[in-house]
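A quick write-up on the structure given underneath.
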2 protein chains.
Amino acid sequence: MKDKIDIKFIAGKAQVSPATVSRVLNKSKAVSPELKSRVLSMIEKYDYRPNEMARGLIFQKSNLIGIITPRVANAFNAELISQIEKRANQAHYDVIISNISGNFENEKKAFRIMHDRRVDGIILLHENTPEEMAELQRISDIPIVLASVRVEGSSLPNVSIDDERAAYEATRYLIQLRHMKIAGVFSDSYSAGNLRKKGFLDCLSAQNIAPFALFIGECTFHGGAVIAERILALQEKPTAVFFISDEMAIGAINYFQDHRVRVPEDISVFSFDDIELASYVRPRLSTVHQPVREIGQYATEMLLALIEKRPLYQPQQILPHHVIIRDSCAALEN
Amino acid sequence: MKDKIDIKFIAGKAQVSPATVSRVLNKSKAVSPELKSRVLSMIEKYDYRPNEMARGLIFQKSNLIGIITPRVANAFNAELISQIEKRANQAHYDVIISNISGNFENEKKAFRIMHDRRVDGIILLHENTPEEMAELQRISDIPIVLASVRVEGSSLPNVSIDDERAAYEATRYLIQLRHMKIAGVFSDSYSAGNLRKKGFLDCLSAQNIAPFALFIGECTFHGGAVIAERILALQEKPTAVFFISDEMAIGAINYFQDHRVRVPEDISVFSFDDIELASYVRPRLSTVHQPVREIGQYATEMLLALIEKRPLYQPQQILPHHVIIRDSCAALEN
DNA sequence: CCAAATGATAAAAACGATTATAAAGGAAAA
DNA sequence: TTTTCCTTTATAATCGTTTTTATCATTTGG
């Protein structure tokens, strides 16, 4: 029966008190070189490493950051998570993820679980109503930061682009191409979907154009294909479609192509996010570029500041976006 | 100053001992209905939830599962992670991820950090040498399971397809299409890359065909494009390329198309994984289908069994794969 | 040369839970 | 009435750390 290697064990082997071992480890106070080397060699010999749960208990700190998102496997989210993890690691935090499915109840549950673990902070990658956000905050006073999302009417710190403006610009671009029959495809609880929808609608109404059709779908390739099917089933078809995410757009384009509808010749497609893939499909996607790396890293930065109670000079960070013109949109003959 | 809600606080409010509160929570022993309701109402009132770090310390159990992978953002890995998280959640485990970059030293570091947190088990999504695997096991006796990977010469439990055979079959398919000049593109530490390479080479040599060229690259869209560039720079070009992953293949195809090389007319491409995207790009990818969901869930299942010291009837699970023929390969005229 | 200051170490008290053990109270039996 | 036995509850030890406090030896200053 192997005995477990804890601080007491090491202390015993080095013939010192546990306190001394701790002091050697944390360099908190002077220890005579003699004892120090005894301790160090025993630590080395038994490859002793302090139990983080025990330390967490004392310090009231888990060094854990929680990420909550409705879809880990989404390309944009996955990249965001990757960036967050990277930055968090540098600061000696680990990342724990929660893939919530569907309703807000599940999200609350996930939130509670993270609270139970005494996660030091949480990053949210998706949208909620201001009321829901407030409810989450009521559960626990763990710092929260939104990444790639902004919720109107909520004062939560966030890092994102100006989704509304970006959607406005994208839509204006479609109108400049002389499109009048423009459909919009959105999704519940994906990034800052409501703002994108708002920008889309505002731009149309500013030009006195009525939205040709509005759809709500799942933010996946398949979800995009489903919408495409519904679009092709329409008696009169739109000449352009604005998608809330690249993944949906790609799924839809595939469906179009399968049914002999050419993109962009027959129908133009504009989307959002600019995931790496966007420039690797045919036609290459015209889309709104989000600076994922910066969003992820900055959001983490912000959360760390919040955790360490450093002041937040700019709790609502808007990073620059770019409307990227590639090949998925064509101008309409007049 | 808000006082913190711990078991002692609740006990005080309900005028009972902490032990009684604990018994109510864990239903471990009978508590009189009277006290029980007093305790319950106080728990309700203050929304008390036990500190998981403290419980972990007692039970010597974190209810945490670690995932180590070189690339979270890779589509296949992301889906795998998502499945693992899902299954783990059902069993009341949380998932903590570590994105290791590059060398084995980093992996050891990540492994140690997980050990420090007393993670109950670890799932590895990538390849190592048997020696490296052994070294990891020496660090700590935390149960390890490999997902979508198998390491020859290592007895670690794993769930994967028969990568070697699958690669063999894929290559045979290319040969059946009368291809003789076949290049292979691989990547270090991606899934079961070595086995795929072995299957690829074995099939070629069984037909007395020499591999036309061998490449090593990064397992990303960009990595695929880089290889494509090198392929096009060759004096004599291969007629078919076998890629170790869909992502690389898509990146390469894009590069080919950009340079007026048609797929599959000018060059055939076969790949591996069958990520959702594979059927949403043009040409749609001919590839080896891996049952991601089953791999992820089964690997988790296995890890849970290991954690709970239940016997493992089949420590090396081979799940069925499928060679999927789509549009990225063409037969060669004779 | 003695009191006070300094320095190094050990012992003990936290952190927030669980649980073994002890204690108390009440009912039944002698 | 006293003893015994059960049920219910409280007390205290434990998990693996850190940190405050206490202890002891040594040095320094008057």
Side-chain angles (χ1 to χ4, degrees), chain A residues 2-40 42-43 46-64 92 112-113 115-120 140, chain B residues 2-40 42-43 46-64 92 112-113 115-120 140:
Chain A
K2 210 160 47 171
D3 33 11
K4 52 189 165 336
I5 316 292
D6 58 9
I7 202 172
K8 229 176 286 173
F9 175 87
I10 297 295
K13 290 291 177 185
Q15 312 210 50
V16 297
S17 78
T20 303
V21 176
S22 172
R23 280 192 286 260
V24 169
L25 275 169
N26 303 293
K27 313 179 202 326
S28 48
K29 268 188 181 165
V31 177
S32 67
E34 198 180 314
L35 292 201
K36 187 170 172 178
S37 81
R38 280 218 312 266
V39 169
L40 246 25
M42 285 306 122
I43 289 180
Y46 293 101
D47 194 25
Y48 165 70
R49 315 204 87 215
N51 182 323
E52 285 298 329
M53 289 199 282
R55 305 188 82 225
L57 197 51
I58 286 217
F59 292 132
Q60 304 276 55
K61 189 161 188 346
S62 61
N63 271 56
L64 232 40
H92 301 287
R112 273 180 207 284
I113 290 176
H115 163 83
D116 297 349
R117 285 207 187 274
R118 300 300 187 269
V119 156
D120 295 325
S140 143
Chain B
K2 213 164 41 172
D3 32 13
K4 52 189 162 341
I5 316 291
D6 58 9
I7 201 172
K8 230 175 286 173
F9 175 86
I10 297 296
K13 289 292 177 185
Q15 313 210 50
V16 298
S17 78
T20 303
V21 177
S22 173
R23 279 194 286 259
V24 170
L25 275 169
N26 302 293
K27 314 178 201 324
S28 47
K29 265 186 184 169
V31 177
S32 66
E34 200 181 314
L35 292 200
K36 186 169 171 179
S37 81
R38 281 221 307 268
V39 168
L40 247 24
M42 285 305 121
I43 289 180
Y46 293 101
D47 195 26
Y48 165 70
R49 317 203 87 216
N51 183 323
E52 285 298 329
M53 289 199 282
R55 304 189 82 226
L57 196 53
I58 287 211
F59 292 130
Q60 304 276 55
K61 188 159 188 350
S62 60
N63 271 55
L64 231 41
H92 301 287
R112 273 179 208 282
I113 290 177
H115 164 83
D116 297 349
R117 285 207 186 274
R118 298 302 184 270
V119 155
D120 294 325
S140 143

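Below, read A as the first sequence line, B as the second, and so on, with proteins coming before strands; counting in each chain starts at 1.
- With sequence neighbours excluded, the residues satisfying ring-ring contact (aromatic ring centres under 6.0 Å, His included) with A:Tyr46 are A:Phe9.
- Near DNA chain D, meaning a heavy atom under 4.0 Å from it, residues 50-58 of chain A has A:Pro50, A:Asn51, A:Ala54, A:Arg55, A:Ile58 in order of number.
- In this structure, the side-chain contact (heavy atoms from CB on, under 4.5 Å) partners of B:Ile113, at least two apart in sequence or on a different chain, are A:Asp94.
- By the side-chain contact (heavy atoms from CB on, under 4.5 Å) test, B:Ser32 pairs with B:Glu34, B:Leu35, sequence neighbours left out.
- Residue pairs meeting the side-chain hydrogen bond (donor to acceptor under 3.5 Å, both in side chains) criterion with at least one member in residues 5-16 of chain A, sequence neighbours excluded, do not occur.
- With sequence neighbours excluded, no residue forms a salt bridge (charged side-chain N to carboxylate O under 4.0 Å, His left out) with A:Arg118.
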Return the polar atom pairs (N/O with N/O) between nucleotides 23-28 of chain C and the protein under 3.5 Å, or none.
none

Contact list (N/O, under 3.5 angstrom) for nucleotides 6-11 of chain C vs protein:
unit_1	atom_1	unit_2	atom_2	d
C:dT9	OP1	A:Ser32	OG	2.5
C:dT9	OP2	A:Ser32	N	2.8
C:dT9	OP2	A:Ser32	OG	3.4
C:dA10	OP2	A:Ser17	N	2.8
C:dA10	OP2	A:Ser17	OG	3.1
C:dA10	OP2	A:Thr20	OG1	2.7
C:dA10	N7	A:Arg23	NH2	3.1
C:dA10	N6	A:Arg23	NH1	3.3

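- Pairs of residues two or more places apart, or lying in two chains, that qualify as salt bridge (Lys or Arg N to Asp or Glu O under 4.0 Å) and include a residue from residues 50-59 of chain A are A:Glu52-A:Arg55.
- In the helix from C:dC1-D:dG30 to C:dA30-D:dT1, the rotation axis of the first five pairs and that of the last five pairs differ in direction by 70°, rounded to 10 degrees.
- Partners of A:Arg38 by salt bridge (charged side-chain N to carboxylate O under 4.0 Å, His left out), not counting sequence neighbours: none found.
- With sequence neighbours left out, A:Ile58 forms a side-chain contact (heavy atoms from CB on, under 4.5 Å) with no residue at all.
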